[in-house]
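The next block holds one structure in the form of C-alpha cells; read it before the comments.
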Amino acid sequence: MNDCIFCKIIKGDIPSKKYYEDELMIVIADIDPKAKLHYLAIPKKHYKLLSEMSADDAVDLGKCMKKISEIAPTLGLENGYRLIINQGDDAIQTVPHLHIHILGGQKLVLRDFRTDV
Ligand code: 5GP
Ligand code: ZN
C-alpha cells in the first residue's frame, strides 16, 4: 500500500530501529509509548482487519504470535506482557495495517472503560 506508514517502515522508506525482523513481520518500538515498554509487531502483509484475513494470513499471524512469545525475553518482557490488536472505530484503530501492540515493563491493570464517552 503506497500511503501506508507501516508499509513504508517495513520497506525501509521510513527509517526505524527494528528489534526483530523475519519474512513475516517486524517489531519496532511505538513512537508514542503507552507503557514503560511498548512495541508494535507488524505483519509484513498489508491488511487492516482480522476479518480480511485469508486462511494463509491466519496461519502467518499464528506464527507471528508464537515468535512474539519466543523473542519476549530479548525485549525485556520476561515478566509478562499484554498483546492488543485494535480493530476498527470503537477500538480507535488509527493505522489501517494490522499490528499487535506489545505492552510491558510494568504491571498493567485492566481498567474499566465503561465510564468513558
Ligand atoms: P492503533 O491505534 O492503530 O492501534 O495503533 C497505531 C500505533 O502506531 C499508535 O500507538 C502510534 O503511536 C503508532 N505509530 C503511528 N505512527 C508511527 C510511526 O511512524 N512509527 C512508530 N514507531 N509508531 C507509530
Ligand atoms: Zn500497510
Side-chain angles (χ1 to χ4, degrees):
M1 261 255 179
N2 278 344
D3 58 351
C4 171
I5 190 136
F6 286 173
C7 283
K8 287 179 181 164
I9 289 172
I10 289 162
K11 276 193 281 177
D13 292 349
I14 296 174
S16 71
K17 175 172 163 59
K18 296 188 176 82
Y19 287 83
Y20 176 80
E21 178 168 19
D22 64 19
E23 72 281 9
L24 293 178
M25 72 165 174
I26 62 168
V27 177
I28 61 173
D30 196 292
I31 201 170
D32 182 16
K34 302 299 191 299
K36 285 185 180 166
L37 295 174
H38 186 174
Y39 303 95
L40 300 171
I42 309 175
K44 289 188 172 177
K45 182 166 176 188
H46 179 97
Y47 57 94
K48 177 182 178 185
L49 298 170
L50 294 166
S51 59
E52 297 168 357
M53 287 192 304
S54 67
D56 285 346
D57 294 337
V59 170
D60 287 348
L61 188 64
K63 289 179 181 168
C64 291
M65 303 282 273
K66 179 162 172 47
K67 185 57 72 174
I68 288 168
S69 76
E70 291 166 3
I71 65 173
T74 72
L75 299 172
L77 300 166
E78 47 281 282
N79 217 29
Y81 51 90
R82 179 174 297 160
L83 304 182
I84 297 173
I85 303 178
N86 290 324
Q87 293 284 275
D89 288 347
D90 275 2
I92 316 180
Q93 182 178 4
T94 58
V95 178
H97 180 131
L98 190 119
H99 51 281
I100 306 165
H101 294 264
I102 309 171
L103 302 170
Q106 64 180 95
K107 297 287 185 221
L108 297 163
V109 174
L110 188 58
R111 75 174 186 81
D112 187 342
F113 296 100
R114 287 173 297 177
T115 56
D116 293 0
V117 286

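Every heavy atom of this structure was used, including side-chain atoms; hydrogens, water molecules and symmetry mates were not. Just follow the structure's listing: the first ligand is 1, and inside any ligand the first atom is 1. Given the structure is predicted, the values throughout are model-derived calculations rather than measurements.
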According to the salt bridge (Lys or Arg N to Asp or Glu O under 4.0 Å) rule, which pairs have a member within residues 94-111, sequence neighbours left out?
Arg111-Asp116
Could you check which N/O/S atom of His46 is closest to the Zn ion (ligand 2)?
ND1
Does CG belonging to Asp22 count more than 12 external heavy atoms closer than 6.0 Å?
yes
Residue His97 atom name (nearest to the Zn ion (ligand 2); N/O/S):
ND1
Vertex the Zn ion (ligand 2): angle to SG of Cys7 and SG of Cys4, to 10°?
120°
Has Gln106 got a side-chain atom pairing as donor or acceptor with Lys36's backbone, closer than 3.5 angstrom?
yes
Contacts satisfying ring pair (Phe, Tyr, Trp, His ring centres under 6.0 Å) that involve residues 69-98 (not counting sequence neighbours) are His46-His97
Heavy atoms under 4.0 Å from ligand 1: which residues qualify?
Ile5, Phe6, Ile9, Ile28, Ala29, Asp30, Ile31, Asp32, Leu40, Asn86, Ile92, Gln93, Thr94, Val95, His99, His101
Only counting residues at least two apart or in another chain, list the ones meeting side-chain contact (heavy atoms from CB on, under 4.5 Å) with Asp13.
Lys8, Lys11
With a cut-off of 6.0 Å (strictly less than), are more than 12 heavy atoms of other residues, nucleotides or ligands near CG of Asp112?
yes
Is there a side chain to side chain contact (heavy atoms under 4.5 Å, CB included) between Ile102 and Leu83 once you walk through the steps?
CA-CA 5 Å; Ile102 309 171; Leu83 304 182; 3.7 Å; yes
